[in-house]
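Remarks on the structure that follows.
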2 protein chains.
Amino acid sequence: MAYATRDTPAHERISKVATADKVLSVLGLFTMETPEWTVDEAAAALDLKTSTAYQYFRSLIEFGLLVGGSGGRSSVGPAVISLDRITRRHDGLIALGRAAMGRLVTPFDGEAVGLLCRSFRMQVMCIDEFVPASLPFAISYERGRPMPLFRGAASKAILAHLGARITRRLWDRQGEQITAAGLGADWSAFKRSLRQLRSRAALVTHGELDEGLVGISAPVFGSEGLVMGSVGVVTTEAAYVRLGARAGEVEATVAAEAQSMSERLLQT
Amino acid sequence: MAYATRDTPAHERISKVATADKVLSVLGLFTMETPEWTVDEAAAALDLKTSTAYQYFRSLIEFGLLVGGSGGRSSVGPAVISLDRITRRHDGLIALGRAAMGRLVTPFDGEAVGLLCRSFRMQVMCIDEFVPASLPFAISYERGRPMPLFRGAASKAILAHLGARITRRLWDRQGEQITAAGLGADWSAFKRSLRQLRSRAALVTHGELDEGLVGISAPVFGSEGLVMGSVGVVTTEAAYVRLGARAGEVEATVAAEAQSMSERLLQT
DNA sequence: GGCGAAATTCCTGTATTTCTGGAAAATAGA
DNA sequence: TCTATTTTCCAGAAATACAGGAATTTCGCC
């Protein structure tokens, strides 16, 4: 029976709906760095015939995922904004996180950002932020921006609880970056780092993503104890120092908010 | 030659990439009202075979437009959030609008929302809002929510400047709703209403979308004088009354901000 | 307002893909 | 652990996407 499907190894099996995948790959061209594409550029980039690319664009534009601009340049369209609204309103984490972030930011008196992240496919994505009226600094985390798992408190809080199977795969694929991030030179050292991260209820990191900023985050768990994301705050080093002895309290508060979210996630 | 393609009338010609369109139609099922679908439900709704629907879901999930949840229920995925970030960062209107909205909201001392809308396919979509820290009311407009063209100041400011060809088509398609909105019982009355709307630099509406709220908006134009969207504020009736004689100034400010945005749009 | 260039649509046979339909496998739930 | 549900797999039949270029429309510039 092993012979039956031998000709296409499972790890490079092509999805059945190749047309759909190719159309979506057009959409995938639109990134932060290259937010506009002409049909010809896209055709060249994906090795498509121009007339075929036009059909793909037409489908995407018709649905609203793209909009045709001037000079034949297209960009991401309004359907995305509408779909994003759906995620904002129906994401259980976001619903719970908003109030929690508000409470976490309060003691910093406008000099902190609340951060809510979700674990997704060996990455972390910020799904919501609480930004006070006038914020005196900018941060790397931003709703919709994918971040690596091993830099920043919000990421590490998730990484620490991902479970052996996933962290092993992560090590195999991105070992060098893990080592570069100071999380261990080999697999067993990495495991030790993770154990240490897990020992803290809330993680505090200094300047890992933005110079002069401090992140404080704790993991949020869903059903069966799986880590779903993290919640926390980012503030300036100066404001953190100003906390002095109260820093411990803030950590505890972050951990408590995260745990409270975990509990409420189980109830729903 | 008329016989050659007779079997598919031009007005209902199906797009060529039927597969892609069907896959996208699956994505289209996910709405504010029904944000979760199982493969079976989607197959039933779109008259697809289950095994086919699975392939569609797989493509969408692989790309991240959907995520598979528990119990076979899927919902909108992280790719949407990433794409939304691209629109936020690369939309010229949003870039200009943020500061303008901030200035417009200031005199209301926290009791107003800034609103930035875009015209799109005979609809209006809010693409950005400026919400002060503690807002004592909720509004219908919200980033990503499509709104009709003929209710609310933000919409009417756009409608007034759409041009005869589009307004005519709008009348043909949605005449009853236009009449219901009090914009005229027939085409020529509608035209008259539009002319009157155009005569004001900024539009003020009372309670058209939310009871007890007042909208003040003005149109923003792009190249060739085409209306691109509108910018304005929404406040409470009470706060508006409190303005008293200064209401005129606010209107003028809204109009001025909108014009300033139009001018800067032309420069870029 | 009109010209040239570019962008976009149209066209058809053929080859490639997708879809069907059911059965098997994997997974989740009890 | 067992059952129900979800998901993948398969191969032939049938639909459809693609090539390739020509026609057409639109756009940008005088």
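Chain letters run A, B, ... following the sequence lines, proteins first, then strands; residues in each count from 1.
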Rounded to the nearest Å, what distance is computed from the NZ atom of residue A:Lys22 to the C1' atom of nucleotide C:dT16?
9 Å
Give a yes/no on whether any side-chain N or O of A:Arg58 is located under 4.0 angstrom from OP1 or OP2 of C:dC10.
yes
Assess the side chains of B:Thr38 and B:Asp40: does a donor N or O sit below 3.5 Å from an acceptor N or O?
no
Mapping A:Arg73 and B:Leu48 onto DNA chain C by nearest heavy atom, which one lands closer to the 5' end?
A:Arg73
Who pairs with A:Tyr54 by side chain to side chain contact (heavy atoms under 4.5 Å, CB included), at least two apart in sequence or on another chain?
A:Val39, A:Thr50
Spacing between B:Asp21 atom CG and C:dT18 atom C1', to the nearest angstrom:
15 Å
Side chains of B:Val124 and B:Leu159 in contact at under 4.5 Å (non-hydrogen atoms)
no
May I ask you to verify if any side-chain N or O of A:Tyr54 is less than 4.0 angstrom from the OP1 or OP2 atom of C:dT9?
no
Would you check if B:Ile94 and B:Leu116 make a side-chain contact, meaning some heavy-atom pair closer than 4.5 Å?
yes
Give the C-alpha distance, both sets of side-chain angles, the deciding distance and a yes or no for salt bridge (Lys or Arg N to Asp or Glu O under 4.0 Å) between B:Arg143 and B:Asp128.
CA-CA 5 Å; B:Arg143 174 169 166 84; B:Asp128 203 11; 5.6 Å; no
Pairs: protein N or O with nucleotides 20-25 of chain D N or O, under 3.5 Å:
none

Using a 4.0 Å heavy-atom cut-off, does B:Thr52 contact any base of the nucleic acid, only the sugar-phosphate backbone, or nothing at all?
base
Name the nucleic acid region contacted by B:Phe57, choosing base, sugar-phosphate or nothing; use a 4.0 angstrom heavy-atom cut-off, strictly under.
nothing
By nearest-nucleotide position on DNA chain C, the 5'-leaning member of A:Ala20 and A:Asp40 is A:Asp40
Decide yes or no for A:Ile127 and A:Thr87: does some side-chain heavy atom of the first lie under 4.5 Å from some side-chain heavy atom of the second?
no
Presence of B:Gln55 side-chain N/O under 4.0 Å of C:dC19 phosphate oxygens OP1/OP2:
yes
Whole-Å distance between C:dT8 P and A:Ile61 CD1?
8 Å
